[in-house]
Structure formats: structure tokens, C-alpha cells
Amino acid sequence: MASLRFTQSYDATADPRALAEEQLPDALRHTSLLTRVLCFLALGRPNLEDHWKSLQSEQAFEIVRTRLWSILASTITTAGVLLAISGVFVTTGSPVSYFDYTSPAPHCLLFVSLMLAMIAMLTSGSSMIRWVHADRHWTREQLELGGYFVLSYLLSIVTPMFFVAWSLHCFVFAMLVAGFSSQSMICRVVTAVWTVTYVINIGTILMETMWKYATGLNHARL
């Protein structure tokens, strides 16, 4: 029994270099609020501890890379759909008189949505190429530097999602403005119901996100 305990304690400290690599570097322990928010949006955790552990083995890193590549692929697909729909609305007139989205305000919002969707596709494509050729050792060396390198690393994941979200919101706002500006009472009622549903869904998502962020911070402090 004593020899078993001795063997376990010896194995736990047999490779101090491996233990040092698994520990989170000091540059990643104390991060700013912006970095924690970006980390939560990109990786689902308000800190880099779990992500750093995944960089210690090829199998775990491959799982993370596949998951992030899948998220970016979904983002670029969504951006493509928004680009196509916004392009149709921008280049064509309204088929009915009671829903005029060619007035200045909706048309401007649709054009902004179109531009943001194009930027989202470009940033998603570049980030996908980056992650296809990502190397575990190079990624770990980049994160060890901290500061700007960590921000650029996280922004390469978050930026495409940011542009897609704003493109979607601009499209929704354009439809809401066109709906409330309609001369048809039925169209305004439908738009009001849609607005309430939209606000409830956004509020639910924000509340759930804030709860997950607070829970992640509490777990990180324990």
C-alpha cells in the first residue's frame, strides 16, 4: 500500500516540464474585461484555462479546431443567405403597395445589411483558412505572448459572428420600419406581433448568455 502511494506521488511529479506546460501562463491569468468577454463569445468560457489545456495534446486540439471550423462554416453560410436576401431586396421594388421597403430608411438599412454580410463572408473565409492550417505549437506560442496576440486570436473567431449578427439586425430593422410605415392596419399589427416576438427572443438569449457568463466566472474563481 505504501509502495502504491509512493508510485502515484512519483508519477504525478515525474515530468515537471509537462506540468509547467499544462499550467496557464501568467500573461493569460490576469486578463481585461474585454478579453474575458471575447473569450466567452469565442470559446464559451470567460477564461482561457480550458482552451489552454486543449493545446497540450493533438487529439484535444483537433476537437477544438473542428468545432471552431464548424462554427465558422455555419457563420459563412448564414452570411451567404443574408447576402442573397438583402441583395434581392436592394435591387428589386416592392411587389405590393402596402409594404414599401424602397423608402430611404429601409433601403439604407438593407444596403448596410448587404455590406455587413459581405464583410462577414470575407472574415469567415479568412478565419476558416487560418484554422485549417493552424498548428498546435504555433497557437500555444502565440497565446503565451498575451496582450495584442490574444486579442487578435479571439477576434479572428468573434469578428465574423459580430458582422453576421449586425447584418441580421439591420435586415430585421429594415423590415420593421417598412412594416410600421405601411398604410395597411393588418401589416402594422403583424409587424407589432413580430416585434414583440423578436424582443422576447433577444431578451431570452441575452439573459441566458449573461447567466452562463456569470456561472463561468464563478467556476473560474473556485
Side-chain angles (χ1 to χ4, degrees), residues 33-35 37-44 67-132 151-213:
L33 177 61
L34 175 61
T35 303
V37 172
L38 290 176
C39 187
F40 176 75
L41 294 176
L43 306 172
R67 181 171 62 86
L68 293 176
W69 197 89
S70 177
I71 293 173
L72 292 171
S74 300
T75 303
I76 199 172
T77 301
T78 306
V81 173
L82 286 170
L83 179 64
I85 295 176
S86 299
V88 170
F89 276 86
V90 168
T91 56
T92 59
S94 177
V96 292
S97 59
Y98 55 83
F99 189 73
D100 184 17
Y101 52 80
T102 58
S103 57
H107 195 269
C108 180
L109 288 170
L110 288 171
F111 186 76
V112 172
S113 175
L114 178 68
M115 293 295 103
L116 291 175
M118 292 178 63
I119 297 174
M121 290 191 67
L122 292 175
T123 54
S124 298
S126 61
S127 295
M128 288 176 66
I129 295 174
R130 177 188 182 279
W131 277 103
V132 166
L151 287 177
S152 63
Y153 179 83
L154 296 175
L155 285 174
S156 67
I157 305 171
V158 175
T159 301
M161 295 185 287
F162 174 81
F163 283 117
V164 164
W166 275 109
S167 176
L168 177 60
H169 290 325
C170 286
F171 180 82
V172 171
F173 292 155
M175 296 297 101
L176 292 179
V177 171
F180 283 120
S181 301
S182 174
Q183 300 297 325
S184 172
M185 179 60 70
I186 296 177
C187 187
R188 291 199 296 267
V189 171
V190 172
T191 305
V193 174
W194 186 26
T195 303
V196 172
T197 305
Y198 174 74
V199 171
I200 292 175
N201 287 333
I202 294 298
T204 303
I205 293 173
L206 289 177
M207 290 177 62
E208 183 179 358
T209 302
M210 292 176 65
W211 178 81
K212 287 183 178 180
Y213 179 78

Practice task
Hey, could you give me the CG/CG distance between Leu116 and Leu82, rounded to the nearest 0.5 Å?
Solution key: 9.5 Å

Practice task
For Thr75 and Met161, indicate whether the former's side chain and the latter's backbone hold a donor-acceptor pair under 3.5 Å.
Solution key: no

Completion exercise
Rounded to the nearest 0.5 angstrom, the OG-OH distance for Ser181 and Tyr98 is 15.5 Å

Exercise for the section: Identify the heavy atoms of Ala42 and Leu68 that sit nearest to each other, and give their distance. Expected result: O-CD2, 3.8 Å

Practice task
State, with a plain yes or no, whether a side-chain heavy atom of Val164 is found less than 4.5 Å away from one of Met121.
Solution key: no

Problem - Under 3.5 Å donor-acceptor, Tyr101 side chain and Gly93 backbone - result: yes

Exercise for the section: Supply the atom-to-atom distance Phe173 CZ to Cys108 SG, rounded to the nearest 0.5 angstrom. Expected result: 13.5 Å

Handout entry: Test side-chain hydrogen bond (donor to acceptor under 3.5 Å, both in side chains) applied to Thr123 - qualifying residues, sequence neighbours left out
Key = none

Fill in the blank from the handout: Smallest heavy-atom separation, Phe180 atom then Arg188 atom, equals O-CD, 3.6 Å

Problem - Beyond-backbone contact of Asn201 with Thr197, side-chain heavy atoms, under 4.5 angstrom - result: yes

Problem - Set of residues satisfying side-chain contact (heavy atoms from CB on, under 4.5 Å) with respect to Ile186, sequence neighbours excluded - result: Ser184, Val190

Exercise for the section: Indicate yes or no: at least one non-hydrogen side-chain atom of Ile157 is less than 4.5 angstrom from one of Leu38. Expected result: no

Fill in the blank from the handout: Across all chains, not counting sequence neighbours, the side-chain contact (heavy atoms from CB on, under 4.5 Å) partners of Ser113 are Ser86, Ser167, Cys170, Phe171

Problem - Residue Met115 excluded, over 12 heavy atoms near CE under 6.0 Å - result: yes

Completion exercise
Applying side-chain hydrogen bond (donor to acceptor under 3.5 Å, both in side chains) to Tyr198 and not counting sequence neighbours gives His169

Completion exercise
The reported gap from CD1 in Ile76 to CD1 in Ile71 (rounded to nearest 0.5 angstrom) is 14.5 Å

Handout entry: Ser182 side chain vs Ala178 backbone, donor-acceptor pair below 3.5 Å
Key = no

Practice task
Supply the atom-to-atom distance Thr159 OG1 to Ile119 CD1, rounded to the nearest 0.5 angstrom.
Solution key: 11.0 Å

Practice task
Would you please test Met118 and Phe163 for side chain to side chain contact (heavy atoms under 4.5 Å, CB included) and show each step?
Solution key: CA-CA 9 Å; Met118 292 178 63; Phe163 283 117; over 6 Å; no

Handout entry: Non-hydrogen side-chain atoms of Phe89 and Leu114 separated by less than 4.5 Å
Key = no

Exercise for the section: With sequence neighbours left out, write down each residue that passes side-chain contact (heavy atoms from CB on, under 4.5 Å) with Leu72, or none if nothing qualifies. Expected result: Ser127, Met128, Trp131, Pro160

Problem - Ile200: partners by side-chain contact (heavy atoms from CB on, under 4.5 Å), with sequence neighbours left out - result: Val196, Thr204

Handout entry: Interatomic distance, Leu41 atom CG to Leu155 atom CG [nearest 0.5 angstrom]
Key = 10.5 Å

